[in-house]
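Notes follow once the structure below has been shown.
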Number of protein chains: 2
Amino acid sequence: MTDISTRPASPTLDEVAVLAGVSRATVSRVVNDSPRVSPEARAAVHSAIAELRYVPNRMARSLVTRRTDTIALVLNEPNTQVFSDPFFASIVRGVSATLADTDLNLVLLTAQDEREQQKIGRYARQGHVDGVILMSVHSNDPLPDILADAGMPLVMCGRPFDDRAVAYVDADNRGGAEAATAHLIATGHSRIATITGPLDMIAGVDRLAGHRAALTAAGRQVHPELEAEGDFTEVGGVRAMESLLARDPELDAVFVASDPMAVGALRALRAAGRRVPEDVAVVGFDDAAVAARCDPPLTTIAQPLTDMTPLLTELLLRQIEGVGEPAESRVCHTSLVRRASA
Amino acid sequence: MTDISTRPASPTLDEVAVLAGVSRATVSRVVNDSPRVSPEARAAVHSAIAELRYVPNRMARSLVTRRTDTIALVLNEPNTQVFSDPFFASIVRGVSATLADTDLNLVLLTAQDEREQQKIGRYARQGHVDGVILMSVHSNDPLPDILADAGMPLVMCGRPFDDRAVAYVDADNRGGAEAATAHLIATGHSRIATITGPLDMIAGVDRLAGHRAALTAAGRQVHPELEAEGDFTEVGGVRAMESLLARDPELDAVFVASDPMAVGALRALRAAGRRVPEDVAVVGFDDAAVAARCDPPLTTIAQPLTDMTPLLTELLLRQIEGVGEPAESRVCHTSLVRRASA
DNA sequence: GGTCTGTGCGGGAGCGCTCTCACAGTGGCA
DNA sequence: TGCCACTGTGAGAGCGCTCCCGCACAGACC
């Protein structure tokens, strides 16, 4: 143990009580906004708090309340690129904004590898947080199990791989992808490729399934050589598009499973001398800010982020409050946003 | 207070002690790796821990040790774009990696506005963390003061605006910028513009100062119309470059104060029909991954991130351990990386 | 045998808080 | 006057842990 005695000790409830001339219990009542306190006592306590610059010790409080009033948003991504994905940024900002009006704190936890995931699992189980929102779950991530086993309130952003009983909020990835490819079919394209997300992520899997379903529904064949796996990043989109063009120079449309990848695809298409949408039509997914800005503006599938983030926190809070309840989940509708690229 | 009684209670030290047939103190010794425990007792405790799936309650421990073993990395940025800046991602990853070998936890805290900064200040003062690394400090941010006043161990990433006694780690922004512009001068350019960072951030201010110093040292005039303020984002770089070209179509070189902005500048130059480096030479700052990848590859100033992130954590840990010591700071050297753009 | 050092261990206090319970005081009502 | 709320307050227990202190016992040494 290191010497921390020289750090200025912070005042305690007792000291406030002595200064205010009341009991510890009364100070606690004032701090916790209990109604049964006389105005005089309340005023005395408030001025003592101000004078001593008292801040309650959360450890002591949490020890008895079993609550920390903080929730964790876990970014579970080996790739550093997480941060550059506008989807993450939106979720983080949205959850943060939803919580701003409450007295709940939000902490972000990132895991690059399994070791860090274990560390996060421990962190949560040790009682640092009341609940967890888990993002970017890959098929082999141990974290959902660790947290669920520990009985930690948990909401996943994106449905789980297996049909486990865990709460989640997801966009209708399959339906959205189906609509995207159906749009490409309806606008007369015949060789429709796709750049998928990572196939160890459920969003990648579902969007590919939707794409294939649209093809099948229209009586088309599914051609494996017209499917290239990307990683939800712009660079990944460039590479996947180059690979698709090499495999089938005649392709006339691509459904790209995320907007950052679509921006990459646009770049690769331009570099290959293809015009969009004349030679190749492109539909993205996300409706990220970049979609409206890029050249040409991207036709894309909008995720209802403004619905999803409040839902994410709401579902989690409900689990934290009422413990017995079964975990509830939601799937949010997507919609096609037509711009110039398809 | 809500009913949490239905949540499975986690086992306590006492229960482990009973099961292992030893005292609470012995269990504590085992958990904390104290040497004075007999092998038999240790084994009994370990198996009891495993059987009960015991995890120490950190609140209880912290209450007595006054340590939480977690440090916060605060991203203090109104702009959502924070996340897309590779500089942030690198720092986060670096600090996280440095801490991976320790039993310290890292939490990320983001503040979009002053209200959230206050919330973070409260969070820290309540004793959730042992120390704070503060990133992206703007001139009017209250957080440094809040934390410093609370006696919270603190290291800033980037030097503070005033000459306060706070620990920081910074790149030699002024020197780097000076080298960049000196390079542009040495390679025969005459109308050298600059896209600055936000001028409410010290990195923005220092890089502009370095640019001007190089100009002055070479006997050149500083032309305000050749300075455009950016915001460290790619879009900001596009806009600033467009504005510079409008103001002086004859400019033949730009020092851009960050690589993402330089990528934007490259795009704007291409859109305006300028060749790089033949018509306009471009030097960036950061040596982000994108610098090597873009077209043409970017000549830029490398920040020694591999030095900076361990230093950041080291300086903070030193403050946390040895409390009396004066806060120490470091400035890391930068270097010019020559590629094709200048 | 007596004293001493060292080791392993347990008892117990206490970290700062919340929360139950008891109690004094006040006012309403029969 | 007696009984009953009801309100404001304080005493005290206890959350799960760490850590100081003291005890029992073993072995070394005189």
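Lettering follows sequence order; numbering is per chain, from 1. Quick caveat, the model's predicted, so the values are computed rather than measured.
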With hydrogens left out and only the distance checked, is there a donor-acceptor pair under 3.5 Å joining [X]'s side chain and the base of [N]?
X	N	result
R58(B)	dG16(D)	no
R42(B)	dG8(C)	no
R24(B)	dG12(C)	yes

Subject >> Donor-acceptor side-chain pairing of T110(B) and E116(B) below 3.5 angstrom >> reply: no
Listed nucleotide nearest any side-chain atom of [X], set [options]:
X	options	result
T26(B)	dC17(C), dG10(C), dG10(D)	dG10(C)
S38(B)	dG8(C), dC17(D), dG11(C)	dG8(C)
R36(A)	dG10(C), dT9(D), dG14(C)	dT9(D)

**OP:** Take D307(A) and R330(A), measure what salt bridge (charged side-chain N to carboxylate O under 4.0 Å, His left out) needs, and give me the verdict at the end.
**Re:** CA-CA 10 Å; D307(A) 298 343; R330(A) 298 290 184 79; over 6 Å; no
To the nearest Å, how far apart are [X] [atom1] and [N] [atom2]?
X	N	atom1	atom2	value
R66(A)	dC17(C)	CZ	P	17 Å
N57(B)	dC17(C)	CG	P	17 Å
E15(A)	dC15(C)	CD	C1'	13 Å
E40(A)	dG25(C)	CD	C1'	14 Å
R67(A)	dC17(C)	CZ	C1'	16 Å
L13(A)	dC15(D)	CG	C1'	15 Å
R61(B)	dC15(D)	CZ	P	19 Å

Original post:
Which atom pair, heavy atoms only, marks the closest approach of L154(B) to A148(B)?
Top reply: CD2-N, 4.5 Å
Original post:
Are D69(B) and R58(B) ion-paired here, with the side-chain N under 4.0 Å from a carboxylate O?
Top reply: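 Yes, charged N to carboxylate O under 4.0 Å.
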Subject >> dT18(C) phosphate, OP1 or OP2, under 4.0 Å from T65(A) side-chain N/O >> reply: no
**OP:** Report yes if at least one side-chain N or O of T12(A) is closer than 4.0 Å to OP1 or OP2 of dG16(C); otherwise report no.
**Re:** no
Original post:
R29(B) or M59(B): which one's nearest nucleotide on DNA chain D is closer to the 5' end?
Top reply: M59(B)
**OP:** Please check if the side chain of S34(A) supplies one atom and the backbone of R29(A) the other of a donor-acceptor pair under 3.5 Å.
**Re:** no
Subject >> Nearest-nucleotide comparison on DNA chain C, the residue closer to the 5′ end among V22(B) and L63(A) >> reply: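 Nearest nucleotide further toward 5': that of V22(B).
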